[in-house]
Q: 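Sharing a structure here in structure tokens format.
Both ligands and their constituent atoms are indexed starting at 1 by order of listing. In what follows, every heavy atom counts, from backbone to side chain, and hydrogens, waters and symmetry copies are set aside. Bear in mind the structure is a predicted one, so any value in this text is a computation, not a measurement.
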Amino acid sequence: LSMFSALTDKLEDAFRKLRGLGKISESNVSDAMREIRLALLEADVDFKVTKDLVEAVKTRALGEEVLKTVTPGQQIVKIFHDELEKILGGGASELDLGPPQRILMVGLNGAGKTTTSAKLANWLKKQGKRPLLIALDLYRPAAVTQLQVLGQQLGVPVCVPAAGETDVVRATRAALAWLDQQGSGVAIFDTAGRQEVDDALLSELKKVRDLVQPNETLLVADAATGQQAVAVASKFHETVTITGLIMTKLDGDARGGALLSMRQVTGCPVKFIGVGEKVDQLEVFHPDRMAQRILG
Ligand code: GDP
């Protein structure tokens, strides 16, 4: 992922230096950790997340008799990998697909909500499920059309709001009635976003959520927006309780620190990542594999 290439290069540098030393002293560890701390901050990782990660690695490296082993450098890389995996969330967080099988997609405009709704439908199909798409963005007719087109391409039924509908509660009720007629399936609700998080958006989302009673409320966040994505996620979580995150645009070349900060700052697991514009460019998020990718 190009998003992490600068970070990966710097981590490799720091670890190469450590590995190159026959014997490692406490001050070698401190130097390396200072370098790594800087690299993480430059990658736009949250300040506290960075501090905690570096402290944890340092404490373990100095405390577990690592320095007396034959390959201290390698041991420290492994400790770093473990701690990175931990901050990314540990194991993969699976999607809850129990009844009533409803997924509410929320997020700001442009984050990739509509695209990701279609990607998720495609993913569910591949899992042998029957996805259903519901367009609830009453403010952007283009988003409704976009979902219709994507649904058609995927062979997935799409529910669209009545022409000229402006009442989101009425539109949601109509969508639930449509769903009743469709038989069983996993319903994905693509909701309206805004340019920024505001009270109007949140109170509307609450109404939709209370009607839909979803098992999953997934926030779609643009990784390229960095720390702002983390702040947005925290705000959504405070008011509408997010059950998981989907980080999009990890294929971009912006700094990728948001992905590393998300879990620790918001307490919500990242469940999927978007790695391109195409409908099959969605991946289940595996913290261990991501830690490996970041380490290069
Ligand atoms: P919405 O306003 O949140 O519904 O956003 P859209 O689904 O319309 O997406 C906004 C733009 O981001 C579109 O041009 C998408 O193709 C693009 N996009 C979404 N996800 C990704 C991704 O993972 N990678 C890249 N490169 N582009 C993405």
Side-chain angles (χ1 to χ4, degrees), residues 1-5 95 103-124 126 131 133-154 156 158-161 168 171 175 187-198 200-202 204-205 208-209 214 216-226 228-233 235-236 240 242 244-260 262 270-286 289-290 293-294:
L1 292 174
S2 52
M3 195 161 237
F4 294 110
S5 57
L95 211 52
I103 302 172
L104 196 64
M105 306 290 281
V106 304
L108 297 183
N109 282 341
K113 212 170 344 86
T114 303
T115 314
T116 306
S117 297
K119 284 179 172 180
L120 200 55
N122 181 53
W123 183 82
L124 285 164
K126 288 198 175 141
L133 285 164
I134 293 162
L136 276 183
D137 190 346
L138 306 182
Y139 308 108
R140 289 194 314 147
V144 175
T145 312
Q146 189 190 343
L147 201 64
Q148 267 180 312
V149 171
L150 290 166
Q152 216 156 36
Q153 283 168 9
L154 296 170
V156 172
V158 182
C159 173
V160 299
V168 74
I188 302 166
F189 295 77
D190 183 22
T191 62
R194 292 275 199 291
Q195 290 314 113
E196 52 188 66
V197 196
D198 60 25
L201 169 67
L202 293 174
E204 187 179 298
L205 279 176
V208 175
R209 188 205 52 197
E216 292 275 5
T217 300
L218 301 180
L219 176 74
V220 180
D222 181 345
T225 61
Q228 199 203 326
V230 182
V232 164
K235 268 199 208 160
F236 269 88
V240 291
I242 304 305
L245 286 145
I246 302 183
M247 298 286 284
T248 61
K249 310 187 194 182
L250 269 120
D251 50 309
D253 50 16
R255 297 172 298 164
L259 181 76
L260 273 74
M262 264 310 175
V270 176
K271 296 200 171 180
F272 292 90
I273 52 173
V275 293
E277 294 193 80
K278 297 205 193 80
V279 83
D280 60 353
Q281 289 178 314
L282 181 76
E283 295 178 9
V284 173
F285 182 64
H286 293 285
R289 288 184 212 165
M290 184 54 72
R293 259 153 112 167
I294 292 170

Q: Could you tell me the residue and atom name of the protein heavy atom closest to atom 10 (C) of ligand 1, and the distance to it rounded to 0.1 Å?
A: G110 O, 3.7 Å
Q: If you count the atoms of ligand 1 from 1 in the order shown, which ones are under 4.0 Å from a heavy atom of R140?
A: 1 (P), 2 (O), 4 (O)
Q: Mind checking the CG-CG spacing from L219 to L245? Nearest 0.5 Å is all I need.
A: 5.5 Å
Q: Please report the interatomic distance OG1(T114) to CD1(I188), rounded to the nearest 0.5 Å.
A: 11.5 Å
Q: G274 heavy atoms, cut-off 4.0 Å: which ligand 1 atoms fall inside?
A: 23 (O)
Q: Quick check on G252 - does any of its heavy atoms sit under 4.0 Å from an atom of ligand 1?
A: no
Q: Could you tell me, atom by atom, which parts of ligand 1 come under 4.0 Å of a heavy atom of K119?
A: 20 (N), 22 (C), 23 (O)
Q: From the options D251, L282, L108, select the one whose nearest heavy atom is closest to atom 26 (N) of ligand 1.
A: D251
Q: Which residue, T225, V197, D222, forms the side-chain contact (heavy atoms from CB on, under 4.5 Å) with V232?
A: V197
Q: Tell me the protein heavy atom at minimum distance from atom 3 (O) of ligand 1, and give that distance in Å.
A: K113 N, 2.7 Å
Q: If only side-chain N and O atoms count, and only distance matters, is there a donor-acceptor pair under 3.5 Å linking S2 with D253?
A: no
Q: Counting heavy atoms not belonging to R140, are there more than 12 under 6.0 Å from its CZ?
A: yes
Q: For atom 22 (C) of ligand 1, grab the closest protein heavy atom and report residue, atom and distance to one decimal in Å.
A: G276 O, 3.1 Å
Q: I need the nearest protein heavy-atom contact for atom 15 (C) of ligand 1: residue, atom name and distance, please.
A: T115 OG1, 3.6 Å
Q: Give, for atom CG of L104 and atom CZ of R209, the distance between the pair rounded to the nearest 0.5 Å.
A: 8.5 Å
Q: Return yes or no for this condition: an N or O of N109 is under 3.5 Å from an N or O of ligand 1.
A: no
Q: Can you confirm, on distance only, whether ligand 1 has an N/O atom lying under 3.5 Å from any N/O atom belonging to T248?
A: no
Q: Within ligand 1, which atoms have a heavy atom of V275 less than 4.0 Å away?
A: 23 (O)
Q: Sub-3.5 Å donor-acceptor pair from the side chain of Q281 to the main-chain atoms of E277, do we have one?
A: yes
Q: Going by heavy atoms, is G107 under 4.0 Å from ligand 1?
A: no
Q: For the CZ atom of R194 and the CG atom of L202, what is their distance to the nearest 0.5 Å?
A: 9.0 Å
Q: When rounded to the nearest 0.5 angstrom, what is the spacing between CD1 in I273 and CG in L282?
A: 8.5 Å
Q: Please confirm whether A111 comes within less than 3.5 Å of ligand 1 when only nitrogen or oxygen atoms on both sides are compared.
A: yes
Q: Please compare Q281, E283, E277, K249 and report which has the shortest non-hydrogen distance to atom 12 (O) of ligand 1.
A: K249
Q: About how many Å separate CD1 of I294 and CZ of R289, when rounded to the nearest 0.5 Å?
A: 14.0 Å
